[in-house]
Amino acid sequence: MSTAPGQTASVRGSQEAAASPADVSEIGSGASAGATYPGAIASDAATARLLPVADNRRCLAWATGYARRRPGLLAAALGAMVVTAAMGLAAPLATGEIVQALVERRGRGAAIGPVIRLALAVLVGALAARAAGRLSARLVLPAVAELREDVLAAAVALPVDVAEAGGSGDLISRVCNDVDQITDAAQESLADFTSAALAICAAFIGLAALDWRFLLAALPAVPIQLWTLRWYLRSSRPVYAAGRIAEGRRTESLLGTFAALPTVRALRLGPARRAAAAQSSLDAVSYEIQATRLATRFYGRLNGAELIGLGTILATAAVLIHDGGTTVGAATSAALFFVGLFNPINTVLGVFDDLQQAGAGIARLLGVRDHAAVVVPASGRGAAADTDTATATADTDADADASLVIDEVSFRYGPPGGPGRPGTPEAVSGISIDIAPDRHVAVVGVSGSGKSTLAGLAAGLYTPGSGSVTIGGTPVAGRVALIAQQPHLFAGTVADNLRLAAPKADDAQISAALTATGALPWVSALPQGTDTLIGAGGHPLTGGQAQHLALARLLLLDPPFVILDEATAEGGSDAARSLDAAARAAIRDRGALIIAHRLSQVVAAAQIVVLADGRAVERGTHDELLAADGHYAHLWQAWSRHRT
Amino acid sequence: MDTETLPASAPSLIRAALLSRRRDLAMACLLYSTHQLGESLVPVVVGAAIAAAADGGLSTTAPWLAVLAADFALLSLSYRFGARASQRAKQYAAHEVRMLVVDRAVRAGGGVEPPPGALLTLAGSDAARIGAFAGICASGLAAVVALVVATALLMGFSPVLGAVVLVCVTVLLLAIGKASDRLRAGYRSEQQGSANAATLAEDIVRGLRVLRGIGAERAAADAYTAASRSALNAAARTARMESSLTGLRTLATGAYLMAVAGVGGWLALGGRLSLGHLVSALGLAQFLTGSLQTLFGLGPARARAIASAERILDLVRTPVGVSEPPEPVLDAPDASNADLQFRAAVGRSGTALDFTVQPGRITGLVVDDTRAAADVPALLAREYDPVRGEVRLGGRPLRDYDLDTLRSTVLVALHDAALFPGTVRGNLGAPGPGPGPGAAEAARTATADQVISTLPEGWDTVLGEGTRSVSGGQRQRLALARALAARPAVLVLHDPTTAVDSATEAVIADNLRRYRENQTTLIVTTSPALLSRCDRVVFCGSKGTTAADSTHDELVASLDAYRAVVVR
């Protein structure tokens with residue numbers, strides 16, 4: 001509650017524009033160690049680990065670009081808003097007519113005409129208001145939907161360490177909360193702006209028509225208003241930006257709890273998790289309140305400007321009336337016209353506030369979308385995203401004899417796009433491994449020695465800080481599949497989960513893959529077989545079963561190279577036995593990198609590489625390494641002690 | 001909020017959320033009304049100033065300028081503090097509702113079905129919608145005050161005109177309210193659409209490594225696009241309905257103006273209303289259109305809030321997964337009596353389990369069927385209750401105990417236990433600065449101290465933000481340390497070392513043996529490194545047949561089925 005948002009927020013005024021194509025290719029080839037990219041943000045500690053945020057220029061370019069694609073819709077929406085606002089002016093006119101009729105002492109019937117005209121204006125105004133609402137929804141809703149889709153598509157293509165840099169909360173918060181905020185702000189500001197702008201025009205014309213000197217008298221208010229607006233935009237931007245970040249943290253905290261409810265219950269962490277959620281929620285609330293505090297100071301200063309403008313007009317009126325330069329009536333009208341300007345001017349200036357809020361969200365969304373364009377190699381993006389078998393086959397044919405070459409790769413975890421946090425040791429340093437087609441190389445080492453990071457690098461999930469991973473001299477994307485250490489079941493049917501790898505696979509192919517991996521018996525025994533819903537909220541499966549499906553999925557994908565990262569570590573006995581068989585089926589006739597703690601799996605490998613602290617400290621066959629009596633021999637001793 | 005004080009209906013949930021900040025709400029309403037008053041005084045003061053100017057020039061105008069400044073101070077300050085109070089009411093009402101969702105989610109009895117993304121939508125945008133209604137209520141109440149005052153003034157000019165306004169406004173408000181109710185279903189499906197998209201996004205991000213590993217980015221993005229489009233369609237439907245309602249509101253405001261102008265004009269032209277009164281009446285009517293728009297906006301805002309409140313109520317009212325008896329056993333059994341008994345207990349695997357865990361010993365449990373093995377920790381943690389048979393602690397069925405008593409006595413470290421966003425220290429339950437001797441020793445036992453020493457900020461490293469770089473094995477060791485640090489009377493570990501290398505596993509097994517010496521401990525595993533350090537090993541073969549109760553070495557020597565499971 002007592003956090004000072006201004007301190008944790010970074011002002012993003014000084015960013016450079018997008019990276020040049022040269023930057024893209026440089027990072028794509030992995031040649032530049034820890035290349036930073038222009039437009040990637042945030043130097044300060046609080047935001048250093050989050051995904052990037054785009055600068056103002058790019059937000060504006062996006063908005064105008066979108067508007068330009070739909071000129072007709074934009075014009076129609078604005079037109080409907082103008083008509084709505086114009087019809088709102090009919091009431092004072094009708095009132096005037098009735099008063100005039102009274103002054104002229106006409107009969108009761110004289111009220112009928114103005115009332116009918118008013119009725120017509122009301123009807124037209126209502127229809128226009130309805131149209132304006134519909135048109136602006138058609139303008140705004142698809143724009144933000146498209147943006148969130150682009151953002152998610154971009155996020156899944158990012159190097160995994162970058163995408164996960166801010167925790168899942170950062171990303172999820174962007175595609176959910178930020179999108180909500182943009183929608184609300186954009187829809188409101190459009191209509192408000194139009195009607196207020198129209199009212200201002202009408203009032204200014206009225207003011208000028210009465211006596212131009214009144215217009216001059218009103219001018220002292222203008223510089224104050226402009227100065228106030230500038231002050232406000234500058235001081236509120238970091239608050240809004242920090243507020244969005246706080247909401248991201250709230251999302252992180254809530255998701256962390258919601259995704260681990262069994263752990264929360266088993267460890268009686270309910271009160272602690274509740275307290276953490278409450279704290280993060282109150283933090284986010286404090287930014288909202290801070291923003292309102294600023295906004296009310298903004299309106300307070302605008303009130304000051306109004307008072308000065310009105311005071312000047314009244315003083316001018318007093319002088320002019322005294323000198324006989326104007327009439328009491330004209331002075332009254334001028335002052336009231338000016339009073340009538342208060343609300344519309346505040347509304348128009350308030351629209352900048354809406355835009356500021358929407359901008360904070362848009363910047364976060366564009367930040368992710370555009371970041372992908374910079375850090376994902378152009379060639380990799382196409383191939384990685386393309387699961388079309390024809391392309392994959394073509395690639396395979398060309399490089400049928402090529403090895404998977406891991407050449408001197410190094411990597412350290414750090415902020416997105418950045419060179420890694422100083423002091424963070426390299427997770428992997430200078431490792432080279434060649435995997436010929438059909439050859440199996442194993443990687444062993446104590447946990448935390450960099451095995452999973454190496455697996456991620458080899459599969460193209462991470463971009464190496466230096467060194468390269470290639471097949472036949474080109475990036476690996478699309479040709480190396482990885483079975484990750486922690487299985488994940490997506491909400492959907494068993495078949496849906498398998499088809500992720502091969503969207504066009506038919507039922508026969510799915511059964512074949514299940515049969516080949518030996519998963520068919522237990523899948524068939526599920527309540528609805530391959531149509532059983534699994535994943536969050538679905539039929540519970542064990543970790544071993546989840547990995548079993550992952551291996552079946554691998555067969556459907558049929559890649560030339562496979563990386564198994566502890567693919568059979570899960571769930572001890574019956575499942576593991578069939579998992580071992582499934583893993584053997586999955587790596588048959590392919591090049592494979594096998595990471596395993598269960599050393600029985602690595603004995604047969606053509607080469608075993610032992611990692612320690614991110615470096616390859618031993619390599620050789622099982623027998624050679626036993627003879628060397630080093631790290632591997634030590635691991636083997638611990639492993640085999642209870643198994644012989 | 002307590003279980004006993006659960007809101008009975010969506011409106012009462014909203015009312016409770018609003019009233020939780022009643023002072024802010026009342027202050028916002030009062031100050032907004034003052035603001036309105038100040039605003040309406042501006043033209044009056046302006047008139048007086050000009051009249052004074054006509055009488056005597058600048059010198060006589062000056063005092064009125066001072067009055068004007070005072071009025072501006074009044075209206076500006078009342079708006080300033082009114083808006084702040086309104087924002088507080090809005091934000092804290094949303095916070096209360098958010099915590100209602102969190103409270104239900106973390107309840108000990110479980111039973112919460114929706115996936116994380118759906119819960120997030122409830123705690124995020126649904127809670128915000130209820131909060132937003134609180135903000136609108138503040139200005140709505142101020143509008144009512146303005147309306148009442150203005151109508152009373154109108155009554156003074158002309159009772160007929162006042163009555164017309166009163167009837168008109170009442171009828172129109174009811175009509176708009178009625179029409180707004182129709183929006184409720186639309187808002188619900190809109191929120192459902194968002195929840196579905198959020199759920200999918202969360203699922204995709206959580207499974208990102210798996211997706212990337214198989215190059216399924218596009219398939220995932222396509223699925224999200226489909227969900228986003230159907231959410232968009234639902235949102236577009238409600239936007240269309242809202243637009244129609246906006247048209248209706250414009251129509252209603254216009255109808256009100258017509259009624260005042262028509263009746264007022266009729267009366268004035270008929271000589272029953274003076275010119276001055278007519279002008280004042282019409283001016284007042286015009287002034288009130290802003291308040292009316294605010295009031296007409298209450299209907300849709302309420303429909304939005306109710307739709308969200310209904311969704312939240314659906315969650316809050318979900319029955320618990322496991323219940324406590326009316327008079328639960330609050331006293332944990334003595335450590336010497338804290339034995340665990342599975343009496344033909346059948347969990348979700350359908351396999352009956354039958355074995356006993358002796359107090360004061362470290363027992364290894366090997367279950368051939370992995371799904372049956374997974375039932376053991378789940379049944380002991382009371383994630384669910386046995387469909388048949390019984391699980392007992394100290395001779396009493398688990399369901400007789402108070403859940404908190406049970407779980408503080410029998411701590412189950414689930415296999416896929418998660419770490420939470422926050423520091424390592426916080427995760428390991430070490431309060432205050434420094435790890436504390438308890439947590440430090442637990443960390444050493446689980447070899448998590450080695451993990452912590454490699455983290456950039458040691459015990460103060462924040463997990464969950466950019467530190468996904470803790471590997472599976474490191475995470476497992478931290479989770480084990482957390483369970484050990486709690487020092488429960490009965491500790492249940494499920495496959496605690498599957499992601500740990502064999503050398504480290506051997507160290508952990510030795511440490512564990514020392515750390516839990518003479519304390520009731522059950523390790524569900526097939527790892528020979530762990531099993532060989534257990535006092536006893538229970539083996540449940542396939543089809544639930546128990547079971548041998550012996551030691552690891554004897555079972556390896558005597559039982560082929562056991563050896564086949566354990567030695568691979």
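Values below: every heavy atom of this structure, side chains too, minus hydrogens, waters and symmetry copies. Quantities reported herein were computed from a predicted structural model and do not represent experimental measurements. Note on naming: letters A, B, ... go to the chains in the order of the sequence lines (proteins, then strands), and numbering restarts at 1 for each one.
Under the 3.5 Å distance criterion, the side-chain polar atoms of A:R273 are left unmatched by any main-chain donor or acceptor of B:V106. In terms of modelled atom types and a separation under 3.5 Å, the side chain of A:R274 and the main chain of B:D103 share no donor-acceptor contact. Of the possible donor and acceptor atoms, one in the side chain of B:R212 sits under 3.5 Å from a partner among the backbone N and O of A:G460. Side-chain atoms of B:T250 never come within 3.5 Å of backbone atoms of A:G125 as a donor-acceptor pair (strictly under, hydrogens ignored). Without hydrogens or angle criteria, B:D501 side chain to A:S447 main chain gives a donor-acceptor distance under 3.5 Å.
Proximity to chain A (any heavy atom under 4.5 Å) is restricted, for B:L65, to the side chain, taken from C-beta onward. Only the side chain of B:E39 comes within less than 4.5 Å of a heavy atom of chain A; its backbone N, CA, C and O stay farther away. Using a 4.5 Å cut-off between heavy atoms, A:L127 makes no contact with chain B at all. Heavy atoms of A:A427 lying under 4.5 Å from chain B are absent altogether. Using a 4.5 Å cut-off between heavy atoms, B:T504 touches chain A through its side chain atoms alone. The contact between B:R206 and chain A is made by backbone and side chain atoms together, counting heavy-atom distances below 4.5 Å. If you measure heavy-atom distances from A:L152 to chain B, the contacts under 4.5 Å come from the side chain alone. There is no contact between B:E242 and chain A, counting heavy-atom distances below 4.5 Å. Using a 4.5 Å cut-off between heavy atoms, A:R268 contacts chain B through its side chain alone, with no backbone atom that close. When heavy atoms are compared at a cutoff of 4.5 Å, B:L278 approaches chain A solely by way of its side chain, counted from C-beta outward. Contacts of A:A459 with chain B are absent, with no heavy-atom separation under 4.5 Å from either backbone or side chain. Proximity to chain A (any heavy atom under 4.5 Å) is shown, for B:R249, by neither the backbone nor the side chain. Both the backbone and the side chain of B:S228 come within less than 4.5 Å of a heavy atom in chain A. Neither the backbone nor the side chain of B:T121 has a heavy atom closer than 4.5 Å to any heavy atom of chain A. Heavy atoms closer than 4.5 Å to chain A are found in both the backbone and the side chain of B:A529. With a 4.5 Å cut-off on non-hydrogen atoms, A:I321 touches chain B through its side chain but not through its backbone. When heavy atoms are compared at a cutoff of 4.5 Å, A:T251 approaches chain B by way of both its backbone and its side chain. Both the backbone and the side chain of A:A331 come within contact range of chain B, with heavy atoms under 4.5 Å apart. Contact annotation for B:R382: neither backbone nor side-chain heavy atoms come within less than 4.5 Å of a heavy atom of chain A. In this structure, the portion of B:L414 lying under 4.5 Å from any heavy atom of chain A is its side chain and not its backbone.
Residues B:V112 and A:F258 are not in side-chain contact: their nearest non-hydrogen atoms beyond the backbone lie 4.5 Å or more apart. With a 4.5 Å cut-off on side-chain heavy atoms, A:H488 and B:D203 count as touching. Side-chain contact between A:L310 and B:F72: present, with at least one pair of heavy atoms (C-beta onward) separated by less than 4.5 Å. Contact annotation: the side chain of B:R209 never approaches that of A:Q485 to less than 4.5 Å [non-hydrogen atoms, C-beta and beyond].
Of the listed residues A:C176, A:A119, A:A155, A:A536, the one with more heavy-atom pairs under 4.5 angstrom with chain B than any other is A:A119. Contact tally against chain A (heavy-atom pairs below 4.5 Å) for B:A53, B:A231, B:A499: the top residue is B:A499. Taking A:A259, A:G456, A:A550, A:A129 one by one and counting their heavy-atom pairs under 4.5 Å with chain B, the maximum is reached by A:A259. The residue among A:A121, A:A484, A:S281 with the most heavy atom pairs within less than 4.5 Å of chain B is A:S281. Counting heavy-atom pairs closer than 4.5 Å to chain B, the top-ranked of the candidates A:T257, A:L261, A:V264 is A:L261. Of the listed residues (A:L314, A:V115, A:L554), the greatest number of heavy-atom pairs within a distance under 4.5 Å of chain B belongs to A:L314.
Atom CH2 of A:W636 has more than 12 neighbouring heavy atoms from other residues, nucleotides or ligands inside a 6.0 Å radius.
Contact detail for B:A239 and A:L141: the closest heavy-atom pair is CB-CD1, 3.9 Å. Closest approach of A:F490 to B:G207, counting heavy atoms only: CZ-O, 3.5 Å.
Checked by atom type, the side-chain pair A:R130/B:S243 shows no donor-acceptor distance below 3.5 Å.
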